[in-house]
2 protein chains.
Amino acid sequence: MAQKNKLQFIILGLLNQQPLTGYDLTKAFDNEIGEFWQAQHSQIYPQLKRLEEQGYVTHEITLSGEKLEKKLYHITTSGSELLHGWISVGTPDLTATKDEFILKLYFIQTNHDPRLTAMLNEQFQLHSDKLAHLQERLITVFPKQTGAKQHYGHYLILQHAIGRETYYVNWLKTTLQELPAN
Amino acid sequence: MAQKNKLQFIILGLLNQQPLTGYDLTKAFDNEIGEFWQAQHSQIYPQLKRLEEQGYVTHEITLSGEKLEKKLYHITTSGSELLHGWISVGTPDLTATKDEFILKLYFIQTNHDPRLTAMLNEQFQLHSDKLAHLQERLITVFPKQTGAKQHYGHYLILQHAIGRETYYVNWLKTTLQELPAN
DNA sequence: GTATTCATGTAAGACGTTACATGATTCA
DNA sequence: TGAATCATGTAACGTCTTACATGAATAC
């Protein structure tokens, strides 16, 4: 047992909302939870197979057009129990951030390093774009102010991510301003 | 080539400051950069071997006591070039956060979910502890206000991490306060 | 008709964690 | 003298990414 196989819980969590195909699940990692977890289809299809063998999901075949078979996966009672067990237990392990830019920064010796400005500017652009994207998502997914009654968790994490990126962008801006002129 | 092997650059970056043994490097992942990256000795020793085969580091044997041989690793010119090449190229890929708690939150449907308070409180404790630890580190590593002349990058990332955790703790507190009474 | 998207799978290899294994040195 | 720490390594296994592979349906 190397890690914890969180992917299986994400899949179960998504299937708990509605039946989906492997392709749908792959897409979900571009939109919904792409900000928080990443996975490719080459990981998802085998995982679905394993979940079915273990009785946590089942699938039915639907036709798209005349020949193309889609496997629409449903969560089972046992799968739902596994999911809620995972949510209910504690989450005491904070994983390290693994931010490559931060790692590079660590090895910069002085505030006169000629590479600093370009590095900070690049990250400023990237995180500003990400922030804008998240703000757009929040408006798209929760158009009304009152709209967070359902999908409260989704609302929370979007709002959390926006706050986090806002902090990151502001920190980059401040750090850039405090660099010595040259 | 699956990922980018960032571990090799971290090792080179640490050896660029001073010669270290595999054991020292392992320790560094508990203190220095443990907040930003994690690695076990079972990853470090083979990586050192590979770096040596490729000519990026060399080692000399020193004795600790009468029998115990330590391998003290030094970075080579070629290794230093590899390190600075890595630092100098752009870092355009923002990796997903992979925060398991955030993932669990996503699957919470309503703000009346009975598990929410305990979940948020646990994270509040964990992130408060982490914040306190980081603040202590900052004082330990940079005792004087002016002390960030050398190791500027180290100062920056500590300060960045403190800001990030401060935001996280405040967000948890606010979110807890906004939960409906029960 | 042709490019894009839908749809599902496997294979190879790199990365990362846990466990296995051994022995010396230091501190109480 | 016994426990904790120093010190180095390998093995097994799980996760994750990239690439290989195929074919149907849809939009332009």
Side-chain angles (χ1 to χ4, degrees), chain A residues 1-11 19-31 33-34 36-54 57 59-73 92-98 100 103, chain B residues 1-11 19-31 33-34 36-54 57 59-73 92-98 100 103:
Chain A
M1 178 217 335
Q3 241 128 299
K4 273 187 74 174
N5 194 357
K6 286 155 200 158
L7 178 61
Q8 67 181 323
F9 298 117
I10 304 172
I11 291 175
L20 295 167
T21 67
Y23 189 83
D24 295 331
L25 285 163
T26 303
K27 287 275 140 178
F29 284 89
D30 299 337
N31 307 316
I33 46 176
F36 312 103
W37 211 269
Q38 284 165 354
Q40 276 69 42
H41 75 276
S42 58
Q43 234 187 317
I44 291 165
Y45 288 114
Q47 183 67 65
L48 280 168
K49 208 173 171 181
R50 252 172 283 137
L51 285 170
E52 184 155 40
E53 281 163 13
Q54 296 168 311
V57 304
H59 80 266
E60 61 173 315
I61 301 219
T62 61
L63 278 179
S64 172
E66 284 185 24
K67 287 185 183 175
L68 188 58
E69 295 190 340
K70 296 201 294 185
K71 293 186 178 174
L72 195 62
Y73 283 89
D93 299 318
L94 306 182
T95 35
T97 323
K98 302 229 164 183
E100 190 177 359
L103 211 49
Chain B
M1 174 218 335
Q3 244 128 297
K4 275 186 72 174
N5 194 356
K6 286 156 200 158
L7 178 61
Q8 66 181 324
F9 298 117
I10 304 172
I11 291 176
L20 295 168
T21 66
Y23 189 84
D24 296 331
L25 285 163
T26 304
K27 288 275 140 178
F29 283 90
D30 298 337
N31 307 315
I33 46 176
F36 313 103
W37 212 268
Q38 284 165 352
Q40 276 68 42
H41 75 274
S42 58
Q43 237 187 315
I44 291 166
Y45 288 113
Q47 183 65 66
L48 280 168
K49 208 172 171 183
R50 251 173 283 137
L51 285 170
E52 184 154 41
E53 281 163 11
Q54 296 166 313
V57 305
H59 79 267
E60 60 173 316
I61 300 217
T62 62
L63 278 180
S64 172
E66 284 185 26
K67 286 185 183 178
L68 189 58
E69 295 189 341
K70 297 201 294 184
K71 293 185 178 175
L72 195 61
Y73 284 89
D93 299 318
L94 306 181
T95 34
T97 323
K98 303 230 165 183
E100 190 177 359
L103 210 51

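A note on names: the letters A, B, ... follow the listed sequences, proteins ahead of strands, and every chain is numbered from 1.
A:Lys70 has no side-chain polar atom (N or O) that falls below the 4.0 Å cut-off from OP1 or OP2 of D:dA24. Between A:Lys4 and the phosphate of C:dT17, there is no side-chain N or O to OP1/OP2 separation shorter than 4.0 Å. Listed pair B:Lys27 / D:dC6 meets the phosphate criterion, a side-chain N or O lying under 4.0 Å from OP1 or OP2. Residue A:Tyr45 places no side-chain N or O under 4.0 Å from the OP1 or OP2 atom of C:dG9. Look at A:Tyr23 and you'll find a side-chain N or O under 4.0 angstrom from OP1 or OP2 of C:dC6. Side-chain nitrogen and oxygen atoms of A:Gln40 include none within less than 4.0 Å of the OP1 or OP2 phosphate oxygen of D:dC16. Between A:Lys6 and the phosphate of D:dT15, there is no side-chain N or O to OP1/OP2 separation shorter than 4.0 Å. For the OP1/OP2 pair of C:dT8 and a distance below 4.0 Å, the side-chain nitrogens and oxygens of A:Thr21 include at least one atom meeting the criterion.
Distance CD (A:Glu69) to P (C:dT8): 10 Å, rounded to an integer number of Å. Separating the CG atom of B:Asp24 from the C1' atom of D:dT8 is a distance of 12 Å, rounded to the nearest angstrom. The distance from atom CG of B:Leu68 to atom C1' of D:dG9 is 13 Å, rounded to the nearest whole Å. For the pair A:Leu63 CG and C:dC6 C1', the interatomic distance rounds to 14 Å; values are reported in whole Å. Atom P of nucleotide C:dA7 and atom CG of A:Leu20 are separated by 11 Å, given to the nearest angstrom. To the nearest angstrom, C1' of C:dT18 lies 15 Å from CD1 of B:Ile44. In this structure, the CD atom of A:Gln38 is 7 Å from the P atom of D:dT17, given to the nearest Å.
Within the model, atoms CG of B:Leu7 and CD1 of B:Ile44 stand 6.5 Å from one another, a figure rounded to the nearest 0.5 Å. In this structure, B:Glu100 CD and A:Lys6 NZ are separated by 4.5 Å, a value rounded to the nearest 0.5 Å. One distance of note links CZ of B:Phe36 with NZ of A:Lys98; it measures 13.5 Å at 0.5 Å rounding.
Partner A:Gln47 forms a side chain to side chain contact (heavy atoms under 4.5 Å, CB included) with one of A:Gln43, A:Lys49, A:Arg50 and no other, that one being A:Arg50.
Counting any heavy atom pair closer than 4.0 Å across all strands shown, A:Thr26 reaches no nucleic acid atom.
You'll find a donor-acceptor pair under 3.5 Å spanning the side chain of B:Ser42 and the base of C:dT18, going by distance alone.
Counting only heavy atoms from C-beta on, B:Lys71 has its side chain closest to D:dG9 among D:dG9, C:dG9, C:dG16.
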